[in-house]
Amino acid sequence: MLYSGCVRWLIAVPDCTGREPRTSVGGVTIALDKRSAKSFIRINDRIRAREIRVIDENGEQLGILPPFEALKIARERGLDLVEVSPNAVPPVCRIQDYGRYLYEKEKSERAARKKQKVITIKEVKFSVTVDEHDYQTKKNQAVRFLNEGDKVKASLRFRGRQMAHRELGYNIINRLIQDIGEAGMVEFMPRMEGTILHAILAPSKKDGSKPKPQQPPLSSPRPPMQPAQ
């Protein structure tokens with residue numbers, strides 16, 4: 001059975017906001033896969049530029065040619081014409097095996113992903129009334145996190161009247177910095193944010209120097225009394 005008037009159309013809708021590209025199918029807008037949009041590469045007859053800079057399979061430049069002439073050379077050599085730098089003026093195309101090009105590209109991307117180190121921040125929480133056993137347990141946790149290559153956020157919350165004795169919290173965090181030793185270095189010195197005192201510790205570098213712990217802020221002294229006139 002034939003259906004009249006059933007024509008499907010596909011229109012790419014550009015997105016200037018930097019979000020994923022969108023496509024309109026039959027009047028309905030859908031989101032395209034970012035990976036497929038990123039991996040789109042013009043080859044052979046899909047290259048629409050008037051002139052292109054051509055590099056052959058040996059890395060030698062053949063000069064600036066019309067695409068049909070470059071494609072003719074590529075087909076005579078049993079290869080493809082691949083646009084490798086579309087934003088250049090004129091665009092740069094290479095004569096090569098397209099399947100091997102995709103394989104090498106994916107291989108290099110996998111190698112780059114393996115080299116990437118994801119650093120997470122692990123938090124170790126203290127209290128002003130922390131006992132010695134609990135302190136040692138959390139200190140050992142912080143050392144283990146640093147040895148595993150993660151950063152550590154040491155935080156301490158003041159409750160109620162404890163805010164009047166902030167030096168106790170500073171003493172605990174500064175003691176932790178000293179006890180960690182060569183396992184870590186201070187990335188952010190102890191500082192107050194609301195009722196929480198915290199510091200950020202990072203894994204030690206070979207040539208990194210360890211900053212000195214920060215002392216609690218001292219209240220400004222009162223001005224001396226002026227003698228009566």
Side-chain angles (χ1 to χ4, degrees), residues 1-122 146-151 185 187-188 200 202-209:
M1 181 180 296
L2 297 177
Y3 295 89
S4 60
C6 295
V7 179
R8 291 187 176 182
W9 43 273
L10 180 68
I11 299 176
V13 179
D15 190 350
C16 60
T17 61
R19 296 176 297 181
E20 60 184 0
R22 298 179 178 274
T23 298
S24 181
V25 180
V28 180
T29 301
I30 60 174
L32 294 176
D33 180 55
K34 290 183 179 180
R35 186 174 180 181
S36 62
K38 181 180 178 181
S39 62
F40 178 76
I41 302 172
R42 295 185 182 90
I43 63 170
N44 299 331
D45 295 328
R46 294 181 178 179
I47 300 173
R48 300 300 182 185
R50 293 184 179 181
E51 291 181 333
I52 57 175
R53 187 179 300 276
V54 184
I55 303 174
D56 68 4
E57 67 277 17
N58 298 319
E60 298 181 1
Q61 294 197 21
L62 303 182
I64 298 176
L65 303 173
F68 71 90
E69 289 187 13
L71 182 57
K72 180 180 179 182
I73 297 173
R75 287 175 174 172
E76 289 175 352
R77 301 181 184 184
L79 299 172
D80 300 297
L81 184 65
V82 183
E83 188 179 52
V84 295
S85 183
N87 296 326
V89 181
V92 179
C93 299
R94 189 182 184 98
I95 296 175
Q96 58 187 335
D97 186 305
Y98 181 58
R100 183 170 182 82
Y101 169 76
L102 291 180
Y103 170 76
E104 294 293 341
K105 186 172 182 291
E106 180 65 23
K107 184 178 179 181
S108 63
E109 289 177 354
R110 287 200 304 268
R113 287 194 294 268
K114 288 182 180 179
K115 292 181 180 179
Q116 292 179 348
K117 171 62 177 177
V118 179
I119 299 178
T120 58
I121 298 180
K122 303 292 183 65
L146 292 169
N147 291 334
E148 292 174 354
D150 296 322
K151 294 183 180 182
M185 56 182 297
E187 188 172 83
F188 289 101
I200 302 295
S204 291
K205 297 180 181 179
K206 293 182 179 180
D207 300 330
S209 59

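Just so you know, these numbers use all the heavy atoms, side chains as well, and skip hydrogens, waters and symmetry mates.
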Nearest 0.5 Å please: distance from the [atom1] atom of [X] over to the [atom2] atom of [Y].
X: Leu81; Y: Ile52; atom1: CG; atom2: CD1; result: 4.5 Å
X: Glu83; Y: Arg48; atom1: CD; atom2: CZ; result: 11.5 Å
X: Ile41; Y: Leu102; atom1: CD1; atom2: CG; result: 5.5 Å
X: Ile43; Y: Tyr101; atom1: CD1; atom2: OH; result: 11.0 Å
X: Leu79; Y: Gln96; atom1: CG; atom2: CD; result: 8.5 Å
X: Ile47; Y: Cys93; atom1: CD1; atom2: SG; result: 4.0 Å

Checklist outcome for this item: residues 61-81 vs side-chain hydrogen bond (donor to acceptor under 3.5 Å, both in side chains), sequence neighbours excluded, gives Asn44-Asp80, Asp45-Arg75, Glu57-Arg77
Checklist entry - Where do Ala49 and Pro91 come nearest, in terms of heavy atoms and distance? => result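 That closest heavy-atom pairing would be CB-CG, 3.9 Å.
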Next on the checklist: side-chain contact (heavy atoms from CB on, under 4.5 Å) for Lys151 and Glu187? Distances and angles first, verdict last.
Outcome noted: CA-CA 9 Å; Lys151 294 183 180 182; Glu187 188 172 83; 2.9 Å; yes
Checklist entry - Just by modelled atom types, is the Gly99 backbone N or O under 3.5 Å from a matching donor or acceptor in the Asp97 side chain? => result yes
Item to check | Min side-chain heavy-atom separation Ser204-Leu146 under 4.5 Å | outcome: no
Checklist entry - Can you find a heavy atom in the side chain of Arg42 that is under 4.5 Å from one in the side chain of Pro86? => result yes
Checklist entry - With the threshold set at 4.0 Å, does a side-chain nitrogen-carboxylate oxygen contact exist between Glu106 and Arg113? => result yes
Item to check | All salt bridge (charged side-chain N to carboxylate O under 4.0 Å, His left out) counterparts of Arg53, not counting sequence neighbours | outcome: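 Checked Arg53 against salt bridge (charged side-chain N to carboxylate O under 4.0 Å, His left out); zero matches.
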Next on the checklist: Using side-chain contact (heavy atoms from CB on, under 4.5 Å), reason through Val82 and Ile95 one step at a time and then give a plain yes or no.
Outcome noted: CA-CA 6 Å; Val82 183; Ile95 296 175; over 6 Å; no
